Protein chains: 4
Amino acid sequence: MDQSNHRIHQGGKAEEQETRERILAAARQLMAQKGYKGATTRKISELAGVNEVTIFRHFKNKERILVELLEEMTEIRPALDQALRTEWGDVKSLLVHYAQTYYYALVERKEVLIICLIEAANHPEVFNLLSRMPHLAVDMLEQKLRELQEEGQLPEGDFCAAANMFVATFFHTFMAKHWVKVDCEIDEPKLFESTAEILLRGIGGR
Amino acid sequence: MDQSNHRIHQGGKAEEQETRERILAAARQLMAQKGYKGATTRKISELAGVNEVTIFRHFKNKERILVELLEEMTEIRPALDQALRTEWGDVKSLLVHYAQTYYYALVERKEVLIICLIEAANHPEVFNLLSRMPHLAVDMLEQKLRELQEEGQLPEGDFCAAANMFVATFFHTFMAKHWVKVDCEIDEPKLFESTAEILLRGIGGR
Amino acid sequence: MDQSNHRIHQGGKAEEQETRERILAAARQLMAQKGYKGATTRKISELAGVNEVTIFRHFKNKERILVELLEEMTEIRPALDQALRTEWGDVKSLLVHYAQTYYYALVERKEVLIICLIEAANHPEVFNLLSRMPHLAVDMLEQKLRELQEEGQLPEGDFCAAANMFVATFFHTFMAKHWVKVDCEIDEPKLFESTAEILLRGIGGR
Amino acid sequence: MDQSNHRIHQGGKAEEQETRERILAAARQLMAQKGYKGATTRKISELAGVNEVTIFRHFKNKERILVELLEEMTEIRPALDQALRTEWGDVKSLLVHYAQTYYYALVERKEVLIICLIEAANHPEVFNLLSRMPHLAVDMLEQKLRELQEEGQLPEGDFCAAANMFVATFFHTFMAKHWVKVDCEIDEPKLFESTAEILLRGIGGR
DNA sequence: AATGAATGAGAATTCATTCAT
DNA sequence: TATGAATGAATTCTCATTCAT
């Protein structure tokens with residue numbers, strides 16, 4: 001949009017934007033590592049390679065940085081939606097793909113997610129952002145399973161519990177690998193597959 | 001209240017212990033609510049109803065409080081062990097009981113667990129404490145399932161993935177309810193049952 | 001009242017009070033010299049000979065220091081009242097004494113008054129404190145003159161304007177000598193006398 | 001507005017002067033309202049509608065703005081001189097007119113005067129500016145009264161005290177109305193008249 | 001054993017000012 | 001000439017911790 005049409009001199013808008021990004025990147029990393037309080041403006045400025053005060057020229061105050069970061073955590077729904085909409089031939093493929101989509105969505109949002117988890121208690125508005133993700137993932141999957149059942153591809157069953165199990169598994173894995181960083185090697189593709197299989201059989205899907 | 005003057009060293013030990021407990025309780029609550037940094041010594045002392053300095057007579061420094069709290073997080077193994085050792089008649093009952101045991105073990109350790117989750121990044125020694133629990137729970141369940149299979153009560157299957165799903169589900173639920181405090185009402189007993197059923201069928205257990 | 005009855009050990013209450021006083025004195029002096037903003041907590045602490053943080057143990061924040069100082073500026077009414085109530089034999093003596101009372105009341109409140117004058121614009125609550133003094137002095141004098149007239153000791157006249165002139169003269173002198181510190185030597189006793197005489201004759205008082 | 005590009009150095013001088021004036025006006029207003037420190041360069045630039053840095057192209061530093069403002073406070077002598085030189089028929093008219101002249105001279109210089117009053121302590125060079133006005137007004141009036149006495153229009157008297165009273169009254173009124181903004185309504189013309197009358201009678205002028 | 005006073009290190013933030021463009 | 005970005009110094013205030021009682 002505002003791609004500084006002419007760029008007569010390289011400085012200006014582009015450079016400003018870059019400084020801004022550097023500050024955000026530094027804050028993202030530090031807050032995920034040390035929490036909101038632990039990521040002091042001094043440390044952020046040092047990591048970003050700018051003067052501490054420069055932060056305050058770009059963001060009204062420290063909290064604004066957090067807000068800006070949280071806004072990065074855009075809606076996950078479209079991705080999940082597409083995963084469910086695609087025709088996969090069989091239900092297992094659908095589940096595997098859904099698992100992938102959800103898991104990598106979490107991984108993509110890794111830092112900000114961790115910030116959310118840590119700051120959930122102190123910044124109440126973070127709650128929604130945070131809880132919405134698993135909640136939505138469960139709801140959407142449950143809904144899909146119900147549809148499949150109506151189409152006759154699945155017998156009846158407790159789809160709510162099933163969806164919950166499925167989503168929980170990948171959130172748990174995400175946490176283990178990217179937050180607590182458990183050292184056990186996890187083979188994600190295999191996990192997607194196995195989990196999908198167990199779930200599918202668990203709800204009588206074959 | 002102020003009768004300490006007269007009690008010349010009598011019961012001093014008990015009273016001292018009580019003060020200590022009050023400080024720990026206050027710190028436990030505040031750190032779970034606001035994180036390590038957010039739980040200032042001032043706030044802790046106020047909540048504990050003692051003078052701020054008194055904290056430092058009982059604990060070398062603030063970090064020692066954290067360490068002490070973390071040490072509260074006793075081994076979960078004995079409880080799980082007992083759940084698995086009991087004769088339940090059928091596998092489903094076993095699973096339901098295992099789920100209960102694990103879930104309520106988490107709930108019991110709620111505050112300290114949350115502190116661990118929040119401070120995982122800052123206090124590396126917390127890592128082990130934190131990761132050990134789910135890891136152990138998965139391992140033990142996997143082992144048990146394998147035994148059941150050897151006993152002919154279960155067909156072959158990916159018991160690792162299965163155990164992982166099972167444990168993940170309850171950790172996820174624990175987080176939703178006790179940390180992020182998602183407002184959806186969760187009916188735990190029903191969840192234990194449904195999850196156990198799905199898992200059991202998923203691994204061909206009937 | 002709370003004169004630390006026993007004073008078993010000299011520290012404690014008495015010493016704390018002294019620190020408090022030292023901080024107030026330093027703030028009083030600096031704020032009168034440099035205004036509220038100019039009197040930084042650092043400078044105050046240095047002049048008071050305490051650590052900067054100690055200030056915040058005694059006063060919630062910097063503004064509280066100002067408020068506390070302003071509260072020093074006690075009611076001027078009783079003094080003026082007594083001056084008017086005393087029997088002086090003649091009106092001139094009354095006026096001279098009233099002048100003295102008002103003038104030295106201002107001088108006594110010198111620093112705080114100057115702080116008020118400087119900060120009137122920024123701290124609206126200071127307005128009242130500040131304006132009340134001359135206003136009250138004029139009102140009370142006007143009232144007295146009216147009484148004297150009713151008693152037949154004075155002819156009729158514009159007592160409001162007269163009282164205003166009288167009070168203004170001494171406020172002006174106070175400012176010249178204690179604030180702007182005009183170097184011209186002012187002989188106050190003589191000024192009181194001359195001003196009283198002129199006023200008295202001006203309202204036909206002899 | 002943004003047509004400066006085209007105007008190649010034409011009228012630059014005039015425009016520059018205007019910017020300068022806008023900065024001075026903003027500073028004058030803000031410093032009178034909030035004092036020197038309270039009038040930050042940011043606020044000045046915003047009120048003046050210019051970029052903050054532009055201020056420093058016009059004035060070496062913030063202090064120079066103050067100095068420039070103080071220089072605005074032109075001599076009051078010519079106005080007072082003329083008031084005294086005019087033939088008024090009677091002394092009372094002379095006094096009334098002198099009062100008017102002095103009072104409105106103060107009002108005209110209102111902002112800068114207030115700045116002087118507030119900053120007197122911090123900026124010693126302001127002292128003279130500030131004290132000169134009342135001092136001069138008293139001196140000139142005293143001198144005139146003495147002349148009138150020599151001309152036989154007045155009996156002998158303490159003209160110094162008289163002039164002081166007169167001048168003080170109007171300075172006091174000026175302060176009440178334009179600085180501390182006491183809410184009592186003041187009817188200036190009536191005040192001039194009454195004060196002149198009282199003074200005149202007070203020095204035996206009729 | 002417990003407490004009130006005191007403090008050094010460091011937090012976020014504001015300010016006047018300089019540097020490039 | 002004017003401006004947007006950047007900054008060093010300083011400000012108010014908080015925190016964990018020590019000292020003296």
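Lettering follows sequence order; numbering is per chain, from 1. Just so you know, these numbers come straight off a predicted model, no measurement behind them. Basis for what follows: all heavy atoms, side chains included, without hydrogens, waters or symmetry-related copies.
Look at A:Arg57 and you won't find any side-chain N or O under 4.0 angstrom from OP1 or OP2 of F:dA6. Between F:dG4 and D:Asn51, a contact under 4.0 Å exists linking OP1 or OP2 to a side-chain N or O. Note on A:His58: a side-chain N or O is less than 4.0 Å away from OP1 or OP2 of F:dA6. Look at B:Thr19 and you won't find any side-chain N or O under 4.0 angstrom from OP1 or OP2 of E:dA1.
Rounded to the nearest 0.5 angstrom, C:Arg28 CZ and C:Ile115 CD1 are separated by 8.0 Å. Considering CG of C:Leu113 and CD1 of C:Ile118, their distance stands at 11.0 Å, rounded to 0.5 Å. In this structure, B:Glu111 CD and B:Leu24 CG are separated by 12.0 Å, a value rounded to the nearest 0.5 Å. For the atom pair CG of C:Asn61 and CG of C:Leu66, the computed distance is 10.5 Å after rounding to the nearest 0.5 Å.
We find that CG of D:Asn61 is positioned 13 Å from C1' of E:dC15, with the value rounded to whole Å. Atoms NZ (C:Lys34) and P (F:dT11) sit 11 Å apart, rounded to a whole Å. If you measure from atom CD1 of C:Ile44 to atom C1' of E:dA6, you get 18 Å, rounded to the nearest angstrom. Rounded to whole angstrom, the span from the CZ atom of B:Arg64 across to the P atom of F:dT17 amounts to 13 Å. Rounding to whole angstrom units, CD1 of residue B:Ile55 and P of E:dG4 are separated by 13 Å. When the P atom of E:dT17 is taken as reference, atom CZ of D:Arg42 falls 15 Å away, rounded to whole Å. Between the CZ atom of A:Phe59 and the P atom of F:dA6 there is a distance of 12 Å, rounded to whole Å. The CG-P distance, from D:Leu66 to E:dA16, rounds to 13 Å in whole Å.
Mapping B:Glu52 and D:Lys37 onto DNA chain F by nearest heavy atom places D:Lys37 closer to the 5' end of the strand. Nearest-nucleotide positions on DNA chain E for A:Lys62 and D:Phe56 put A:Lys62 closer to the 5' end. Nearest-nucleotide mapping onto DNA chain E: of A:Glu63 and C:Gly49, the residue sitting toward the 5' end is C:Gly49.
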Which donor-acceptor pairs under 3.5 Å do the side chains of residues 43-51 of chain D make with protein atoms, sequence neighbours left out?
unit_1: D:Lys43; atom_1: NZ; unit_2: D:Gly38; atom_2: O; d: 3.4
unit_1: D:Ser45; atom_1: OG; unit_2: D:Thr41; atom_2: O; d: 3.4
unit_1: D:Ser45; atom_1: OG; unit_2: D:Arg42; atom_2: O; d: 2.7
unit_1: D:Asn51; atom_1: OD1; unit_2: D:Val53; atom_2: N; d: 2.7

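Put simply, the side chain of C:Tyr36 does not reach to within 4.5 Å of the side chain of D:Lys37, judged on heavy atoms. A 4.5 Å side-chain heavy-atom check between B:Arg64 and B:Val67 finds at least one atom pair inside the cut-off. Contact annotation: the side chain of B:Leu117 approaches that of A:Trp179 to within less than 4.5 Å [non-hydrogen atoms, C-beta and beyond].
Looking at DNA chain F, the stems built from 3 or more consecutive Watson-Crick or G-U wobble pairs, each pair with its key distances under 3.5 Å, are E:2-21 with F:2-21.
You'll find that the side chain of B:Val53 is closest to E:dT3, out of F:dA16, E:dT3, E:dT13. Between F:dC13, E:dA11, E:dT17, one nucleotide has an atom nearer to the side chain of A:Thr40 than all others, and that is E:dA11.
Using a 4.0 Å heavy-atom distance criterion, B:Thr41 is classed as a base contact. Nucleic acid contact class of A:Thr54 (heavy atoms, under 4.0 Å, all strands): base.
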